[in-house]
Amino acid sequence: MSGPHVIRGSVSLPEAELMWRFSRSSGPGGQHVNTSDSQVELRFDLANTDALPEVWKRRALERLAPRLVDGVIAVRASEHRSQWRNREMAATRLASLLAEATAPPPKPRRATKIPRGINERRLRNKKQRSETKRGRSGRGWG
């Protein structure tokens, strides 16, 4: 594996807490696929990890609840023919999934009032357009 997989800032996935499982993959690869375990399943025990700050962990458990099985999140990768590339893909996917799930909630939108000048200009333009269109009708032309 190429280095630690950073979630955000200085927080990264500890290699000791990652559980790997390999199996035969369907898809391209010919006879090679029939004999090698190139599909990768990466599991991470989110509920019992000490790698994430407590606030992040609570946020992730809440947001990823539908995907969790007993507090464990699983990610699968089988796009590539080589097990190593699938391992990289699965670890990257897990890191980005956790980064998204632990992100702070967006700031609430503050409602702002439309400036009076903008509203007046809009109404003036509507009136002008209305006059232009009314002038096109053939009424009163004898």
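- In the hydrophobic clustering of this structure, Met89 does not group with Leu94; members are Ile, Leu, Val, Met, Phe, Trp, Tyr whose side-chain heavy atoms approach within less than 4.5 Å, directly or through other members.
- When all heavy atoms of Asp45 and Asp70 are compared, the pair lying nearest together is OD1-O, 4.5 Å.
- Residues meeting the side chain to side chain donor-acceptor pair (under 3.5 Å) test with Ser23, sequence neighbours left out: Gln39.
- Taking Ile118 as the reference, Ile114, Pro115, Arg121 meet the side-chain contact (heavy atoms from CB on, under 4.5 Å) condition, with sequence neighbours excluded.
- More than 12 non-hydrogen atoms from other residues, nucleotides or ligands lie less than 6.0 angstrom from CG of Asn125.
- Rounding to the nearest 0.5 angstrom, the gap separating the CG atom in Leu68 from the CG atom in Leu46 is 6.0 Å.
- Checked against salt bridge (charged side-chain N to carboxylate O under 4.0 Å, His left out), Arg110 has no partners two or more places apart in sequence or in another chain.
- Every residue two or more places apart in sequence or in another chain that forms a side-chain contact (heavy atoms from CB on, under 4.5 Å) with Val55 is listed here: Arg58, Arg59.
- Listed by chain and number, the residues in a side-chain contact (heavy atoms from CB on, under 4.5 Å) with Arg134 are Glu131, Arg139 (sequence neighbours excluded).
- Alongside Val72, the hydrophobic cluster contains Met19 (criterion: ILVMFWY side chains under 4.5 Å).
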Inset, instruction - Please step through side chain to side chain contact (heavy atoms under 4.5 Å, CB included) for the pair Phe44 and Leu98, ending with a clear verdict. - result: CA-CA 10 Å; Phe44 180 67; Leu98 288 173; 3.9 Å; yes
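- Considering every non-hydrogen atom in both Ala91 and Leu13, the closest pair reads O-CD1, 4.2 Å.
- Residues satisfying the side chain to side chain donor-acceptor pair (under 3.5 Å) criterion with Glu120, sequence neighbours excluded, are Arg116.
- Applying the side chain to side chain donor-acceptor pair (under 3.5 Å) rule to Arg122 yields the partners Asn119; only residues at least two apart in sequence or on another chain are considered.
- Considering only heavy atoms from C-beta on, Asn86 stays 4.5 Å or farther from Phe22 through its side chain.
- Among residues two or more places apart in sequence or in another chain, the salt bridge (charged side-chain N to carboxylate O under 4.0 Å, His left out) test is passed with Glu41 by Arg21, Arg43, Arg76.
- Shown here are the salt bridge (charged side-chain N to carboxylate O under 4.0 Å, His left out) partners of Arg93, two or more places apart in sequence or in another chain: Glu79.
- Under the rule for a side chain to side chain donor-acceptor pair (under 3.5 Å), the partners of Glu17 that lie at least two apart in sequence or sit in another chain are Thr49.
- Applying the salt bridge (charged side-chain N to carboxylate O under 4.0 Å, His left out) criterion to Arg129, with sequence neighbours excluded, gives no partner residue.
- Taking the side chain as every heavy atom from C-beta outward, Ile73 and Leu42 never approach each other to under 4.5 Å.
- Judged by distance alone, with hydrogens and angles left aside, the side-chain atoms of Thr132 form a donor-acceptor pair with the main-chain N or O of Gln128 at under 3.5 Å.
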